[in-house]
Every structure is written in C-alpha cells, then in structure tokens.
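The structure follows.
What you see is a predicted model, and the numbers here were worked out from it, not measured in a lab. Whatever order the structure lists them in is the order used to number ligands and atoms, beginning at 1. For the single chain, residues carry numbers from 1 onward in sequence order. Just so you know, these numbers use all the heavy atoms, side chains as well, and skip hydrogens, waters and symmetry mates.
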Amino acid sequence: MSHKSFKAVIPAAGLGTRFLPATKAMPKEMLPVVDKPAIQYVVEEATDAGIDDILIIIGRNKNNLSNHFDSVPELEDKLRAKGDIDKLNKVQRSSELADIHFVRQGEPKGLGHAVSRARAHVGDHPFAVLLGDDLIDERDPLLTTMLAQHERTGATIIALMEVDPEQIHMYGAAAIEATDTDDFVKVTGLVEKPSKEDAPSNLAIIGRYVLTPAVFDVLDHTEPGKGGEIQLTDALQELATQEDGPGVYGVVFRGRRYDTGDRVDYIKAIVQLASDREDLGPELRPWLKDFAATL
Ligand code: G1P
C-alpha cells in the first residue's frame, strides 16, 4: 500500500555523547552500520512504507547529513569512467531515495521539542516519526502496519516492544488494554523512563510513531519532564488520556530490531546485520564461531 500522503520526520539533533570522539564532528546518525550510515536505513524504511517526503531535524554538523543525501558528481564521473556500476549505484542511491528537507532544532531541548520543530513542514496532517537509534529489519514492515492502523482509526499509533523489566528504565513505558486485534493495544498511560518498580508494564516505546497534528498544540504547553527535557512521551500521555480525542494505540512489534543507541548494542547490531548478509555472512559467520570459542 502506498502512503505517499504522509511525511516522515527523523530527529537527528542529539549530541551523541556516548560515541565521543567519533561524534565530535559528525552526527551519531552518520555512524556506519556495516557500510551505510544509520540514518540511511531509517530513510529507506520510510520510503519502503511509501513515504517520499522526509524532514530531518538537525543539530550541529548539518553538512555531513545533507552531503550524504546529495549527489557527488566528481565521484560519480570517476566510477562511471571506471565502469564500476555497482559502486556508482550505491553512491547514487542515497541521493535518489526521497525528497529530503532539513530544519535546525536550535537548542537541544528534548525529543518533544525536536518534533515540534516539524510543524511548519508537516502542516495539518498526520505524519510518521522515526528515531535513528532503532533500526527495524526490512523484512518486518512495522511502519506500514502502523500507517494502516492510523488510517483505520485516526488515532496516534506508537510502536511497543516487550523488553526485559531490567531494561525498562531506558524507554518510555506503556499501560495498555487489549483490543479485539492481536498485537494491537489501547494505550491508557505512558511514563518516560520509569524505574522498574514504577513501570506500568514491560512494553517499551521503540522509536516509531504515527502522530496526528494535535500533538503540536500539546507539545506547545508540555513542561520539561525527565532529564529536564520536553518529552514526546509526556505529550502522548496527555493525548492518551484526553476524553474526546481518538486516543493512542500501540502496535506490539515482535520482529527484528537493532539498537544502535549505545556502544555495545551498536556493535551487536553490526555483527547481526553483517552475518545475515549474503555478501559478508559466509566469511564472517565461521570466523565468529571460532572467535566465540576462544572467549
Ligand atoms: C526516546 C524516547 C523513549 C523511547 C526511546 C526509544 O528516548 O524518549 O520514550 O522509548 O527513544 O528508542 P532516547 O532513547 O532518545 O533517550
């Protein structure tokens, strides 16, 4: 199904401090995951769901990001002259993927604030938000399911995933009620990064959202929350508990997700993705086994 009427917003304005010094002069969304920057996977996920208008919310180091999605005529000419069509296609792909726009966040005041910066571009329409720290395997089309659920219900849709209760403090956590549809739940409450004791469940928000434009008015009056930042989770909590709105629903995801948010998870994501690839896996997998045996 095509979802051309939706725009996607990708916040990429974080400071990336967990990856210093690699992120000193480069946004963390440009870190390579095997041989593509993390953000290209996310853009491809949006285009695979039929979205071709993408707004990236940037912080410092804008040039790295915009150059990646631009053409590089001198490199392309060289590859064409050498007849290296495979590499030429790789270089051209990122500039032909989608219609990509950029807006600056200004001060880094949190995810909710970053999303509110999309208002002028998005206008009065529902839109998708994709966070670059979570990569969703292309074989498990989560966003397409979420867009279809939004079209059916008119509601805000978030992606939820069961995590180990010990990990819930790293995520937004949802209180839910079942619906008639498997893995589609009504969200009755949300808490950003609760302690294990305070978490309403072990269902964590993973970084995919289909939002309605009503979120912008809510974000306008959302006070700084966890960590002193304006939290998207807090705005969604208000939408979930409004009596007259369409509410918030969750798609429970049971597919393959790769976390690139911290260093160990980032290394795991690279190993998992590379060992699954046809071009790299056959060489990598036996080595991995031998290496694991030495540990
Ligand atoms: C953000 C959200 C959080 C969500 C997480 C998913 O947190 O605030 O609710 O669970 O993304 O990756 P961050 O990881 O940016 O601190």
Using distance alone, decide if ligand 1 has a nitrogen or oxygen within less than 3.5 Å of any nitrogen or oxygen in I205.
->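 Yes, since at least one N or O of I205 sits under 3.5 Å from an N or O of ligand 1.
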Ligand 1-proximal atoms of D259, by part, heavy-atom distance under 4.0 Å =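 For D259, no heavy atom sits under 4.0 Å from ligand 1.
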Within 45° of the six-membered ring axis of F19 and under 6.0 Å from that ring's centre, is NZ or CZ of K28 located there?
->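 No.
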Protein heavy atom under 4.0 Å of atom 15 (O) of ligand 1 |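 Protein heavy atom within 4.0 Å of atom 15 (O) of ligand 1: absent.
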Between D35 and R277, is the closest basic N to carboxylate O distance under 4.0 Å?
-> yes
Tell me: protein heavy atom nearest atom 7 (O) of ligand 1, and distance?
-> K193 NZ, 3.3 Å
Return yes or no for this condition: an N or O of R257 is under 3.5 Å from an N or O of ligand 1.
->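 Looking only at distances, the answer is no, because the N/O contact criterion of under 3.5 Å is not met.
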Is NZ or CZ of K268 both nearer than 6.0 Å to the six-membered ring centre of Y258 and within 45° of the ring axis?
->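 No, K268 does not sit over the ring of Y258.
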Return yes or no for this condition: an N or O of Y171 is under 3.5 Å from an N or O of ligand 1.
->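 It does not: no N or O of Y171 is found under 3.5 Å from an N or O of ligand 1.
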F253 ring centre to R208 NZ or CZ under 6.0 Å, with the angle to the axis within 45°?
->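 R208 over F253 ring: no.
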Take the angle between the ring planes of F184 and Y249 and call it parallel below 30°, perpendicular above 60°, tilted in between.
-> parallel
D134 to ligand 1: N or O pair under 3.5 Å?
->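 Yes, at least one N or O pair falls under 3.5 Å.
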Any side-chain donor paired with an acceptor under 3.5 Å for H113 and E107?
->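 Absent: no donor and acceptor within the cut-off.
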Nearest protein heavy-atom contact for atom 9 (O) of ligand 1: which residue, which atom, what distance?
->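 Ranked first by proximity to atom 9 (O) of ligand 1 is E192 OE1, 2.7 Å.
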Close N or O approach (D133, ligand 1; < 3.5 Å) |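 No, since none of the N or O atoms of D133 sits under 3.5 Å from an N or O of ligand 1.
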Can you tell me which residue and heavy atom of the protein come closest to atom 11 (O) of ligand 1, and the distance to 0.1 Å?
->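 Heavy-atom neighbour on the protein nearest atom 11 (O) of ligand 1: L131 CD1, 3.3 Å.
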For the residue pair F127 and F216, is the inter-centroid distance of their aromatic rings smaller than 6.0 Å?
->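 Here the rings of F216 and F127 have centres that are less than 6.0 Å from each other.
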Does CD in E283 sit with more than 12 non-hydrogen atoms of other residues, nucleotides or ligands closer than 6.0 Å?
->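 Counting other residues, nucleotides and ligands, CD of E283 stays at 12 neighbours or fewer.
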Looking at T233, which atoms of ligand 1 are within less than 4.0 Å of one of its heavy atoms?
->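 By the 4.0 Å cutoff, the relevant atoms are 9 (O).
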Say whether M170, considering both its backbone and side-chain N or O atoms, lies within less than 3.5 Å of an N or O atom on ligand 1.
->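 In fact, backbone or side chain, M170 has no N or O that close.
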